[in-house]
2 protein chains.
Amino acid sequence: MELYHLRTFVAVAEEKHLTRAAERLFTSQPAISAHIKALEETLGVTLFDRTPKGMRLTPVGEELLPRARQALAAASAVMQHAKGLQDELIGSVRIGLNTDARFLRLTALQAGLAEHYPRLEVAMLTGSTGTNLPAVRVGKLDAAFVTGEIDDPSMSVCFLCDEPLVIGAPASLRDQITSTEVADLARLPWVYTSPDCSHFAAMRALFDAHCCEPTRTLIANQEDALIEMIRAGVGLGIVRAGVFSDDEQAYELPVALPSVPLQFVYLRKRENDPLIRAVMDQLCAVWGIEPPTAIAREAG
Amino acid sequence: MELYHLRTFVAVAEEKHLTRAAERLFTSQPAISAHIKALEETLGVTLFDRTPKGMRLTPVGEELLPRARQALAAASAVMQHAKGLQDELIGSVRIGLNTDARFLRLTALQAGLAEHYPRLEVAMLTGSTGTNLPAVRVGKLDAAFVTGEIDDPSMSVCFLCDEPLVIGAPASLRDQITSTEVADLARLPWVYTSPDCSHFAAMRALFDAHCCEPTRTLIANQEDALIEMIRAGVGLGIVRAGVFSDDEQAYELPVALPSVPLQFVYLRKRENDPLIRAVMDQLCAVWGIEPPTAIAREAG
DNA sequence: CCCACGCCATCACAATTTCCGAAGACGCGA
DNA sequence: TCGCGTCTTCGGAAATTGTGATGGCGTGGG
């Protein structure tokens with residue numbers, strides 16, 4: 001028994017004629033006749049009395065008709081529900097962060113996602129460039145913010161802005177910082193995040209360029225921890241410009257550093273995933289950039 | 001969308017593998033794959049994530065699964081309900097009577113029908129042989145009791161018993177009935193039912209055989225009315241033997257009359273109608289006769 | 001590090017089902 | 001008795017569905 005049997009059953013019961021039911025269902029009358037016959041055979045009952053005036057429901061048919069309608073309604077509920085879901089994203093998206101929410105414009109991103117996809121659960125997970133990249137690779141994150149050049153062909157990378165870096169210094173060390181020569185600064189204690197963080201790379205590049213090495217280092221594997229360490233006077237560190245504006249406990253040294261790009265990454269193979277597309281659309285709106293052109297668009 | 005799409009959907013959701021679902025559904029893996037693909041296309045949503053380990057429901061699929069189950073359940077409810085109905089007769093059967101219920105053994109017939117077909121409504125409609133026959137012909141009755149020979153090729157006739165006839169006379173006329181010669185009796189008033197009743201035919205035959213005619217007649221178009229008329233002293237009449245046993249108001253005259261057959265009739269073209277078959281089965285059980293062999297029996 | 005395994009998608013072709021138009025059977029009404 | 005409208009049946013055509021083989025892809029063991 002298939003749905004078309006039931007559709008025909010209901011149509012014939014309502015039209016009381018195979019001919020009219022056939023017209024309503026855009027098919028031929030023998031086809032309708034065969035449907036009814038097949039249905040009667042599989043059900044083992046007679047649904048209609050055949051009269052010269054048409055088809056009249058038997059008491060058994062009368063009794064089965066509402067159930068057939070119910071089955072059709074249930075099937076059409078599946079379709080209708082699916083229609084309502086087809087442009088709606090449900091489930092959850094996990095986005096890895098690598099710095100503070102303000103700078104990443106998270107509230108605007110969240111607002112845009114919430115507005116367009118109210119049933120989408122958005123998880124903003126703190127992390128760092130170093131932890132985000134593998135997380136995206138293995139699917140623990142759907143996408144992530146990262147800083148620095150990414151050289152991974154499996155990743156799609158979306159440039160958001162350039163992030164100027166400065167050397168941040170604690171106010172408590174101001175007396176000891178008499179020169180902004182890198183070699184002199186290298187003799188002071190340093191704090192940095194993790195080796196795969198772009199700030200670390202910038203620091204390495206800085207010291208390598210001046211052929212020197214910082215005396216002592218301390219790892220803080222999260223950016224706000226790094227900033228707190230600097231404020232607390234543990235040592236110098238590389239931070240985003242502006243972090244220490246109007247800060248009592250730390251300040252920025254006037255040393256020229258190359259800026260690093262802030263980027264948004266996700267697995268290239270998911271670039272046509274509606275979830276990724278939705279996030280990218282909102283992200284690009286927030287950052288005022290063009291969304292990457294899709295490789296293939298499917299008909300809805 | 002057809003039911004097999006939903007069946008496959010549910011099977012794959014439960015088995016989490018196309019291969020296993022194919023085994024469960026006794027078909028091939030590409031067929032299952034095509035079902036899911038087609039369903040996803042008609043619904044416009046992605047139901048499964050394809051992983052190297054198998055198929056995993058998407059949130060959308062998760063949401064649609066219970067509805068798909070519901071639709072399948074509704075469809076299978078149709079089948080189940082039909083199974084329950086397939087040997088059950090529902091609706092109503094209309095049986096025409098032509099004489100009293102005791103003689104027709106109606107209580108036993110009713111009991112048998114009620115026991116085997118509790119949902120069958122049985123209508124026992126009083127009438128006479130003359131009114132029952134056309135009612136059966138045009139479908140106002142499904143079957144009927146009649147007396148006398150029936151010569152109608154469109155009717156199936158089932159003989160039940162011979163009905164001996166007697167002349168019933170009112171006790172109040174006993175003094176006037178001095179002879180049982182038909183010619184003498186003809187001078188008395190007579191009551192009979194209707195011209196197409198077999199009792200009437202018997203009376204005509206009686207008088208024709210003796211070349212005489214009753215003086216006065218009165219028509220009562222129902223048998224119990226006839227009997228009451230006789231009791232009331234209106235006149236003589238032909239009744240079934242035994243009606244006036246132990247009766248104070250009427251008695252039977254010792255005049256030899258031919259007996260007439262009591263029969264049960266229905267339209268010949270309905271002899272394989274389950275309703276007719278059911279009634280015949282019960283009727284034959286009650287009367288201790290063999291049911292007529294069916295022309296064709298269908299597989300249940 | 002590579003290969004073998006299990007998974008699903010795709011393809012061309014075969015089997016089945018479904019569909020169509022024509023013809024037949026049947027009862028009704030003129 | 002004939003015409004009309006109904007449903008059923010029939011043969012062949014069309015569409016759908018199913019099959020087995022093949023390929024891509026990621027995973028896990030050697």
Side-chain angles (χ1 to χ4, degrees), chain A residues 1-9 11-42 46-58 61 134 136-140 153-154 267-270 272-273 296 298, chain B residues 1-9 11-42 46-58 61 136-139 153-154 267-270 272-273 296 298:
Chain A
M1 186 182 73
E2 291 299 331
L3 284 177
Y4 69 88
H5 291 122
L6 300 181
R7 280 189 275 265
T8 300
F9 173 34
V12 173
E14 284 172 2
E15 300 287 350
K16 304 190 204 304
H17 290 270
L18 292 193
T19 318
R20 283 187 225 154
E23 284 171 18
R24 190 214 276 197
L25 297 174
F26 302 105
T27 180
S28 71
Q29 178 266 328
I32 299 299
S33 178
H35 291 176
I36 297 296
K37 183 178 179 181
L39 184 59
E40 286 182 331
E41 270 174 20
T42 66
T46 302
L47 297 171
F48 293 96
D49 280 333
R50 278 72 167 171
T51 79
K53 292 188 199 297
M55 310 281 279
R56 197 181 55 242
L57 274 173
T58 61
V136 169
R137 256 188 227 103
V138 303
K140 288 191 167 176
S154 73
L267 282 178
R268 179 176 303 281
K269 67 179 174 188
R270 292 186 65 187
N272 282 318
D273 184 326
E298 296 174 299
Chain B
M1 185 180 73
E2 290 299 331
L3 284 176
Y4 68 87
H5 291 123
L6 299 181
R7 279 190 276 264
T8 300
F9 173 35
V12 172
E14 284 172 3
E15 299 287 350
K16 303 190 206 304
H17 290 270
L18 292 193
T19 318
R20 283 186 225 152
E23 284 170 18
R24 191 215 274 196
L25 298 174
F26 303 105
T27 181
S28 69
Q29 175 264 323
I32 299 299
S33 179
H35 291 175
I36 297 295
K37 184 179 178 181
L39 184 59
E40 287 183 329
E41 271 173 21
T42 66
T46 301
L47 296 171
F48 292 97
D49 280 333
R50 277 71 168 170
T51 80
K53 291 188 199 299
M55 309 281 280
R56 198 181 55 241
L57 274 174
T58 61
V136 171
R137 257 188 224 105
V138 302
S154 72
L267 281 180
R268 178 177 302 282
K269 67 179 174 188
R270 291 186 67 186
N272 282 318
D273 184 326
E298 296 172 304

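Below, read A as the first sequence line, B as the second, and so on, with proteins coming before strands; counting in each chain starts at 1.
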*Asks:* Starting from P on C/dG6, measure out to CE on B/Met55 and report it in whole angstrom.
*Replies:* 19 Å
*Asks:* How do A/Lys269 and B/Thr27 order along DNA chain D: which one's closest nucleotide is nearer the 5' end?
*Replies:* B/Thr27
*Asks:* Of the listed nucleotides (C/dA9, C/dC7, D/dC7), which one gets closest to any side-chain atom of B/Leu18?
*Replies:* C/dA9
*Asks:* Rounded to whole angstrom units, what separation is found between the CZ atom of B/Arg56 and the P atom of C/dG6?
*Replies:* 21 Å
*Asks:* Using whole Å, report how far CG of B/Leu267 lies from P of C/dG27.
*Replies:* 11 Å
*Asks:* Check the distance between C/dC7's P and B/Asp49's CG and give it to me in whole angstrom.
*Replies:* 18 Å
*Asks:* Do any of residues 30-37 of chain B sit with a heavy atom less than 4.0 Å from DNA chain C, and if so which?
*Replies:* B/Pro30, B/Ser33, B/Lys37
*Asks:* Within a strict 4.5 Å, meaning less than it, do heavy atoms of the A/Met55 and A/His17 side chains meet?
*Replies:* no
*Asks:* Counting only side-chain nitrogens and oxygens, does A/Arg50 get under 4.0 Å of the OP1 or OP2 atom of D/dT6?
*Replies:* no
*Asks:* Taking the side chain as everything from C-beta on, heavy atoms only, tell me whether A/Glu14 gets closer than 4.5 Å to A/Arg24.
*Replies:* yes
*Asks:* Between B/Thr46 and B/Thr58, which heavy-atom pair has the shortest distance, and what is it?
*Replies:* O-OG1, 2.7 Å
*Asks:* Has the side chain of B/Gln29 got a donor or acceptor atom that lies under 3.5 Å from a matching backbone atom of B/Ala22?
*Replies:* no
*Asks:* Between the protein and nucleotides 28-30 of chain C, list the N/O to N/O atom pairs that are separated by less than 3.5 angstrom.
*Replies:*
none

*Asks:* When rounded to the nearest 0.5 angstrom, what is the spacing between NZ in B/Lys37 and CG in B/Leu47?
*Replies:* 14.0 Å
*Asks:* Measure the distance from CG on B/Leu47 to P on C/dC8 and round it to the nearest whole Å.
*Replies:* 15 Å
*Asks:* Does a side-chain N or O of B/His17 approach OP1 or OP2 of C/dG6 to a distance below 4.0 Å, or not?
*Replies:* no
*Asks:* Quick one: do B/Glu2 and A/Arg7 satisfy salt bridge (charged side-chain N to carboxylate O under 4.0 Å, His left out)? Show the steps, please.
*Replies:* CA-CA 11 Å; B/Glu2 290 299 331; A/Arg7 280 189 275 265; 2.5 Å; yes
*Asks:* So, does A/Thr8 use its side chain to make a donor-acceptor pair with the main chain of A/His35 at under 3.5 Å?
*Replies:* no
*Asks:* Side-chain N or O of B/Tyr4 less than 4.0 angstrom from OP1 or OP2 on D/dG18?
*Replies:* no
*Asks:* Count the heavy atoms belonging to other residues, nucleotides or ligands that lie under 6.0 Å from CZ of B/Arg56, then report whether that count exceeds 12.
*Replies:* no
*Asks:* Counting just side-chain N and O atoms, does A/Thr19 come under 4.0 Å of either OP1 or OP2 of D/dC7?
*Replies:* yes
*Asks:* Work out which heavy atom in A/Phe9 is nearest to a heavy atom in A/Ile36; give both atom names and the distance.
*Replies:* CA-CD1, 3.9 Å
*Asks:* D/dG18 C1' sits how many Å from B/His5 NE2, rounded?
*Replies:* 13 Å
*Asks:* To the nearest Å, how far apart are A/Phe26 CZ and C/dC20 P?
*Replies:* 13 Å
*Asks:* For B/Leu39 and D/dT17, what is the distance between atoms CG and C1' respectively, to the nearest whole Å?
*Replies:* 16 Å
